[in-house]
Amino acid sequence: MSDMNGLNDKQGEAVQCTEGPVLLLAGAGSGKTRVLTHRIAYLIDQGINPYHILAITFTNKAAGEMRDRVDQIVSYGAESVWVSTFHALCVRILRRYIDRLEYENNFTIYDSDDQKAVIKTCLKKLNMDPKQYPERMMMAEISKAKERFVSPQEYDREASGQFRKMQVAKVYNEYQQRLKQNNALDFDDLLYKTVELFQFHPDVLEQYQERFQYIMVDEYQDTNHIQFLLIKQLAAKYRNLCVVGDDDQSIYKFRGANIYNILNFEEEYPEAKVIKLEQNYRSTANILKAANGVIANNEGRKEKALWTKAEEGDKVHFSLYDTEYQEAEGVVKEISRQHKNENRAYNYFAILYRTNAQSRIFEEKLLMHNIPYKIIGGQNFYGRREVKDMICYLKVIENGMDDMSVRRVVNVPKRGIGATSIDKMQAYADTYEMSLLDAMFEASNVPGLNRAAAKVESFTNLILDFRDMLKEGVFLSELYDAVLEKTGYWDELLAEKTDEAEARMENLTELKNKIVKYEQEAEHPDLAGLLEEIALVAEVDNVEESEEKVLLMTLHSAKGLEFPCVFLGGMEDRLFPSGMALNSDDPDAIEEERRLCYVGITRAREQLYLSAARQRMMHGRTDYNPVSRFVKEIPKDVITMNGNGSFAVRRQEQAAHEARESLNRKSASVTGKPYSFGNTGGKPAFGKEFKVERLQIDYGVGDRVRHVKFGEGTVTELVSGGKDYEVTVEFDKVGVKRMFASFAKLKKL
DNA sequence: AGCTGGGCAATGTGG
DNA sequence: TTGCCCAGCT
Ligand SMILES: Nc1ncnc2c1ncn2[C@@H]1O[C@H](COP(=O)(O)OP(=O)(O)OP(=O)(O)O)[C@@H](O)[C@H]1O
């Protein structure tokens, strides 16, 4: 029996509309994901073979959850529905068929660190200066090309005449050749090669078209062009394609997402049925109103009138603190208070922020208060040196063509095989057109190696031993232990006896735990599968909502999730919206930040706390940023400024206005004590008192001043930040600086 | 071959 | 502030 319970009419309609293209365009919390889940169940109920259903989700975790929920609704078949992310789908297809494109089926997946390393060697080989052509920029360009499904050859053609672009084309070409030689694919290749496979091998495409007769894509607003192409290929035959998304939640432009995929869906599929969902089931009315108020400032979006039956609930809280430490303290205290007084479990709360760097201070305060927490993202576990080293060993064992990984581990720990020896073997490998590892197997034939040859041999013997172990069918965790032991990696750390080595060893043990877990949970665990999982599993996939821990993550990671109580920190211009977006000449940059804010606000079910700090250390400098414009966009009647009425923001502006007035009059002899940052209570500064204590300054815009450290300069701007002045000075020696007058101790000249 | 230290730049969101 | 790269030293 299909279950239309727990669905409203519109949702039910979307569920039952199974044939032909369907666009489900709906606001946050309107039950899009729920519809998809029920739709799969409904299809199965209608007698569609679950084998013919494909659902694409944004994260692996969402995929798992969707499968679980379908399983709860239908009596059979949920396990044969193919639910996965784009990348996981592509890997599965390519593992089977990539030999058609002359790759080996046991290809390695390169992450962005690996990519960067390859780019670096390419630049060196092409004698290009990495200062002139930064790796980062190269990676971005190549990535963009691949997202457009543009090959190195086509890119070169496009570039004709444009010198810089031609240089990029050279690197792209070299890069792609190297990946091929290493039998490796980067993340973009996973999609690119699948589309290429389908394009040049229609028989393979047709097989998958037959298989996936019903296709659903969640979070469609964040798909990129190549994903669009892939879906187009797969859906071309049956055209039973249901895409689901919210143009207001498109937040991944920086990695190629194209919002027009969803906005122009009806042009691509003219017969598409469009269904809109407008009832929000997640948030209280006040939170929803705040979200609507913010997003309304974006232009050119498809208007959606999101509404809710839920009660108003608490107002949105906003608190302005003096420093980021006080901000964190304030947030953590509130969590602690609710935990104690209102019996809230810790997994009731999430702390969200724009940048990973912000997590550190929250973490510090949580530790201090003994509150259990989990940070999602940030310094990637698999990116740590020791973890990476071990994974590279595993990669070499699996795929000997992966020269890059060979290079990485050949001398780790030190075996006395240095750059010169490697170069000689590489030259040998190039001459005989073999992989570096194969050249090493013939080390005794490599000219000029001499004594190093024996060392190389002991390394290759190690690899052979590991491969033998695999053939004998040992557990992957046993193999891992053997690698740690026989390479001497573990012993070396053990001998170090430093805290750092200790931490590394902990990480290596953690990696082992992950391997054991993989072996227990995977259906057919093998080395390729393990490496694949390591490459494709995202940080958010590690969220375990039953754990009683406060969750910390970026706004991006929080997409699609929901929490009863959300803290959104760092609500400051230049941080959120980011400085880059503010400086950008693309008006959509700010709009994307605003969408991100909308995503953040709509994660909250019952309570939403926004906070900002007047002063914050960013990249080693102290910055003074105004409260985020997004805070000001929230309708005044749904926000409280720390329980003291809704005028903290207005106050700032008013103070600034007064400051300007008094400066204009040039009678700037305002009295009062200097503003103090020694506000230890962790209470919002403005919450304490509203006396404006003015600082005495005797200079104004245009005046010459001297700073203790920066020397002489000219004041270019003076803005009151409430009690203090924010001064911008153009220094003769060190350029433009912004600072607080109370700190800067500027002397008028 | 490998380590150390100094100078310098970057500094955002992720599969 | 951190992290990266190079030069020079051991
Ligand atoms: N008809 C309904 N009745 C009751 N609750 C519902 C209904 N539809 C959805 N919900 C609830 O609303 C919340 C949001 O649903 P869901 O995550 O599917 O929304 P969404 O549109 O995918 O959200 P977002 O785009 O913000 O990620 C969930 O807690 C879900 O259980």
Side-chain angles (χ1 to χ4, degrees), chain A residues 56-63 84-91 109-117 120 124 129-131 134-137 139-140 143 146-147 185-192 219 222-224 226-227 250-257 352-360 376-380 382-383 385 410-423 451-452 455 532-541 553-559 570 574-584 589 592-593 595-597 599-600 616-623:
Chain A
I56 304 279
T57 57
F58 204 70
T59 64
N60 297 293
K61 178 160 171 288
S84 83
T85 63
F86 272 108
H87 289 95
L89 168 77
C90 291
V91 171
I109 300 168
Y110 277 178
D111 65 23
S112 35
D113 287 344
D114 303 328
Q115 258 178 298
K116 198 166 166 190
K120 208 180 283 181
K124 202 181 270 169
D129 179 10
K131 291 217 172 69
E135 289 124 21
R136 236 182 98 80
M137 165 257 177
M139 284 165 69
S143 200
K146 289 182 178 177
E147 277 155 7
L185 302 188
D186 64 23
F187 285 123
D188 301 310
D189 280 338
L190 295 177
L191 282 135
Y192 188 104
E219 307 281 10
D222 273 326
T223 51
N224 61 28
I226 192 123
Q227 291 168 338
S250 174
I251 55 173
Y252 279 100
K253 190 174 185 189
F254 75 91
R255 63 175 213 214
L352 308 182
Y353 34 76
R354 177 65 236 271
T355 66
N356 281 306
Q358 289 165 257
S359 68
R360 213 201 73 229
I376 308 297
Q379 159 65 310
N380 184 242
Y382 296 109
R385 196 177 74 202
V410 67
N411 206 25
V412 179
K414 309 267 172 296
R415 305 189 169 85
I417 308 174
T420 12
S421 305
I422 295 176
D423 286 348
R451 293 182 54 203
K455 295 170 183 166
E532 198 171 296
E533 176 152 318
I534 288 171
L536 295 186
V537 163
E539 286 286 328
V540 260
D541 295 329
M553 67 183 92
T554 61
L555 289 158
H556 282 91
S557 298
K559 185 168 81 156
R574 281 168 203 284
L575 179 60
F576 187 32
S578 77
M580 293 231 197
L582 283 171
N583 291 335
S584 166
E592 175 137 329
E593 298 280 312
R595 291 193 288 270
L596 191 54
C597 184
V599 168
R616 178 183 300 273
M617 280 283 258
M618 285 168 87
H619 344 291
R621 295 219 172 292
T622 303
D623 277 10

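We name chains A, B, ... by the order of the sequence lines, and we start the count at 1 in each one.
Relative orientation of the A:H556 and A:F254 rings is perpendicular, given thresholds of 30° and 60° on the angle between their planes.
Within the nucleic acid shown, A:S557 comes within 4.0 Å of sugar-phosphate atoms alone, with no base atom in reach, counting heavy atoms only. Across all strands shown, A:S421 has heavy atoms under 4.0 Å from sugar-phosphate atoms exclusively, and none from any base. As judged by a 4.0 angstrom heavy-atom cut-off over every strand, A:Y252 is placed among residues touching the sugar-phosphate backbone only. Using a 4.0 Å heavy-atom distance criterion, A:K120 is classed as a sugar-phosphate-only contact. Within the 4.0 angstrom heavy-atom criterion, only backbone atoms of the sugar-phosphate kind lie near A:T355; the bases stay farther away.
Comparing A:F187 and A:T420 against DNA chain B, the residue whose closest nucleotide sits nearer the 5' end is A:T420. Take the nearest nucleotide of DNA chain B for A:V537 and for A:I417: the residue whose nucleotide is more 5' is A:I417.
Among B:dG12, B:dT13, B:dC3, the nucleotide with an atom closest to any side-chain atom of A:M580 is B:dG12.
One can place CD of A:E593 at 12 Å from P of B:dG12, the figure rounded to the nearest angstrom. One can place CG of A:D114 at 16 Å from P of B:dG15, the figure rounded to the nearest angstrom. In this entry the distance linking CG of A:L575 with C1' of B:dT13 reads 12 Å, nearest Å. A straight line from CZ of A:R415 to C1' of B:dA1 spans 15 Å, rounded to a whole angstrom. Counting to the nearest Å, the P atom of B:dT11 and the CD atom of A:Q358 are 17 Å from each other. Going from atom CD of A:Q115 over to atom P of B:dG14 covers 16 Å, rounded to whole Å. Residue A:K124 contributes atom NZ, which lies 8 Å from atom P of C:dC6 at whole-angstrom precision. Rounded to a whole Å, the CZ atom of A:R360 is 19 Å from the P atom of B:dT11.
Side chain A:D188 to base B:dG15: a donor-acceptor pair is found below 3.5 Å.
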A:R255/A:N224 under side chain to side chain contact (heavy atoms under 4.5 Å, CB included): CA gap, chis, key distance, verdict
CA-CA 8 Å; A:R255 63 175 213 214; A:N224 61 28; over 6 Å; no
I'd like to know whether A:E219 forms a side chain to side chain contact (heavy atoms under 4.5 Å, CB included) with A:T57, so could you lay out the CA-CA distance, the side-chain angles of the two residues, the decisive distance to 0.1 Å, and finally the verdict.
CA-CA 7 Å; A:E219 307 281 10; A:T57 57; over 6 Å; no
Given side chain to side chain contact (heavy atoms under 4.5 Å, CB included), test A:Q358 with A:L575 step by step and report yes or no.
CA-CA 10 Å; A:Q358 289 165 257; A:L575 179 60; 3.7 Å; yes
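Close to B:dG2, at under 4.0 Å from its OP1 or OP2, lies a side-chain N or O of A:N411. OP1 and OP2 of B:dT13 both lie 4.0 Å or more from every side-chain N or O belonging to A:S578. For B:dG12, the OP1/OP2 oxygens have no side-chain nitrogen or oxygen of A:R136 closer than 4.0 Å. One finds a side-chain N or O of A:N356 lying less than 4.0 angstrom from the OP1 or OP2 phosphate oxygen of B:dG14.
Shown here are the salt bridge (charged side-chain N to carboxylate O under 4.0 Å, His left out) partners of A:R136, two or more places apart in sequence or in another chain: there are none. Partners of A:D222 under the salt bridge (charged side-chain N to carboxylate O under 4.0 Å, His left out) rule, at least two apart in sequence or in another chain, are A:K559.
Nucleotides B:dT13 and C:dC4, compared at atom P, are 15 Å apart to the nearest Å.
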